There are 2 protein chains.
Amino acid sequence: MAEKEKIDKKEHLLNVAERVFGEMGYDGASTRLLAQEAGMNMAMLNYYFGSKDGLLKAVVERRMSSTRKEFEEIAHQDMPCWEKINQIVQLYVSRVATSKYFHKIIFREISVIRSGTEVTDFVLENLYQNVMLVHRVLAEGIRKGEFREVDIEMTVAGIFGTVNYLINSRRLASKILKMDLMDDHVLQEEMKPRLLAYLQDSLKTHLLIHETEK
Amino acid sequence: MAEKEKIDKKEHLLNVAERVFGEMGYDGASTRLLAQEAGMNMAMLNYYFGSKDGLLKAVVERRMSSTRKEFEEIAHQDMPCWEKINQIVQLYVSRVATSKYFHKIIFREISVIRSGTEVTDFVLENLYQNVMLVHRVLAEGIRKGEFREVDIEMTVAGIFGTVNYLINSRRLASKILKMDLMDDHVLQEEMKPRLLAYLQDSLKTHLLIHETEK
DNA sequence: CAAAGTTAATCAATCGATTGATTAATTAAC
DNA sequence: GTTAATTAATCAATCGATTGATTAACTTTG
């Protein structure tokens with residue numbers, strides 16, 4: 001029973017921290033607020049994770065590793081490259097939509113210089129592996145004559161950048177789409193399919209060789 | 001003479017603050033560090049701008065207004081929509097490449113919740129106007145039959161998101177492009193033309209109606 | 001022109017508040 | 001009864017901001 005509760009409480013803190021870090025940023029989220037939002041004494045934070053940075057590290061690590069494996073599974077299957085890209089994009093959009101705060105955190109982690117932490121390196125290395133995976137699929141598609149000879153790095157940036165922009169600037173997106181707020185339901189039921197459709201359409205027209213060019 | 005020196009010093013602090021805010025984030029940049037980097041007493045910060053938030057506000061405002069006008073000039077000219085989009089993208093990439101820190105700041109401002117400031121609203125309103133400008137050009141192009149019937153909002157997100165991603169995650173980009181560092185020279189001479197070429201190619205294939213569809 | 005008066009610019013020192021982290025004491029669990 | 005979990009209290013350090021004093025530069029006055 002104690003074991004169960006301990007895990008639940010740690011897990012709960014991780015969930016709360018993911019949201020608060022995502023909303024306020026690392027420096028903006030104080031340990032007191034984190035503990036308060038989680039409904040526990042702030043000493044528990046250090047008891048569980050050693051430090052504030054350790055908490056962020058735990059928040060980041062528990063998600064990154066699992067996602068990596070899913071990406072690799074798709075990339076190593078035997079199917080047309082277009083199908084691979086399609087599935088990767090689908091998985092990525094799905095992951096981002098269901099854990100928006102997490103993706104805010106990791107994007108901020110690679111765009112802001114925080115001094116004296118190892119979290120950034122971990123994030124950077126993992127993102128790099130993910131990006132290179134897409135990179136290789138694109139290169140393979142071009143080599144096989146399935147894709148046009150596009151700028152691979154820019155195409156990758158186009159995919160990740162578009163998704164990232166929509167998720168990380170929800171307030172701007174809400175304004176544009178004339179919604180007073182964008183809750184999780186709208187994100188899942190409206191934004192996600194539209195984003196997916198756009199990416200597929202955009203990539204299809206950009207990557208695939210048109211009839212006129214044949 | 002005194003007037004000249006005063007302006008230069010304020011301007012100098014604005015420049016330094018833009019870099020430091022961009023590198024470390026608002027909460028990550030302390031007033032002491034800001035003053036130290038600018039080589040002046042930290043009381044000067046409050047003397048000039050009232051508060052730390054006032055400094056950020058000044059940093060943001062001096063750039064946003066001017067860019068807005070340039071965007072509008074292009075949009076209101078009499079030319080094909082494709083040419084408008086082309087010029088807007090060109091201007092935007094150029095602006096971002098020459099003031100990378102500033103764009104880090106405003107993107108963070110709309111993605112992080114900072115309590116009790118008015119800077120966010122200012123940024124949000126200005127970005128909204130810029131986005132709607134592109135929005136209207138795209139809508140016009142579709143109405144005139146110049147463009148395919150794409151998802152306008154997503155297309156806009158694709159443009160701004162791609163540029164934003166490349167600039168705000170330079171460390172990841174460096175890793176992908178196998179550069180140990182990405183200095184301003186590389187950014188200007190390599191990244192910028194590649195990004196521009198990609199966006200034009202991507203938008204062309206996505207927006208313009210292909211021969212096969214006619 | 002020179003002395004007195006006035007303003008803006010700059011500084012070191014310090015304010016109260018908050019930060020992340022730690023302690024020692026207490027409670028709960030098995 | 002021993003270990004693990006939890007708490008309130010407290011730590012030094014740093015935060016943004018303000019103070020009163022000092023300097024420099026310009027204006028006014030005689």
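Keep in mind the model is a prediction, meaning the values are calculated, not measured. For the numbers below, each heavy atom of this structure counts, side chains included, while hydrogens, waters and symmetry mates do not.
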Check: Passes side chain to side chain contact (heavy atoms under 4.5 Å, CB included), A/Val112 versus A/Thr120? Steps please.
Finding: CA-CA 9 Å; A/Val112 175; A/Thr120 306; over 6 Å; no

Next item on the list: Verify side chain to side chain contact (heavy atoms under 4.5 Å, CB included) between A/Ile167 and A/Met191, making sure each step is shown before the conclusion.
Entry: CA-CA 9 Å; A/Ile167 299 301; A/Met191 295 295 293; over 6 Å; no

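Taking the side chain of A/Ala43 as heavy atoms from C-beta on, and the options C/dC11, D/dT7, D/dA17, the nearest nucleotide is D/dT7. Comparing C/dG20, C/dC11, C/dT23 against the side chain of A/Thr31 picks out C/dG20 as the nearest.
Within the 4.0 angstrom heavy-atom criterion, only backbone atoms of the sugar-phosphate kind lie near A/Ala29; the bases stay farther away. Across all strands shown, A/Ser30 has heavy atoms under 4.0 Å from sugar-phosphate atoms exclusively, and none from any base.
Per the geometry, CE belonging to B/Met42 stands 13 Å off P belonging to C/dC11, to the nearest Å. Rounded to an integer number of Å, the gap from B/Leu55 CG to D/dA17 P is 10 Å. Rounding to whole angstrom units, CG of residue A/Asn41 and C1' of C/dA25 are separated by 13 Å. Going from atom CE of A/Met40 over to atom C1' of D/dA5 covers 12 Å, rounded to whole Å. Straight-line distance from the CD atom of A/Gln36 to the C1' atom of C/dG20: 16 Å, rounded to whole Å. Computed from coordinates, the B/Asn46 CG to C/dT14 P distance equals 18 Å when rounded to whole Å. Atom CG of A/Asp27 and atom P of D/dT14 are 14 Å apart (whole Å). Rounded to whole Å, atom C1' of D/dA8 lies 17 Å from atom CG of A/Leu45.
Note on A/Glu72 versus A/Arg68: salt bridge recorded, some NZ/NE/NH1/NH2 to OD/OE distance being below 4.0 Å.
Between B/Tyr48 and C/dT10 there is a side-chain N or O to OP1 or OP2 distance below 4.0 Å. Side-chain N/O atoms of A/Lys52 include none lying less than 4.0 angstrom from OP1 or OP2 on C/dT19.
Residue A/Tyr47 is the one, among A/Arg32 and A/Tyr47, whose nearest nucleotide of DNA chain D lies closer to the 5' end (criterion: closest heavy atom).
Aromatic ring centroids of B/Tyr92 and B/Phe160 lie under 6.0 Å apart.
Remark: A/Lys57 is not positioned above the aromatic ring of A/Phe49, lacking an NZ or CZ atom under 6.0 angstrom from the ring centre and at most 45 degrees off the axis.
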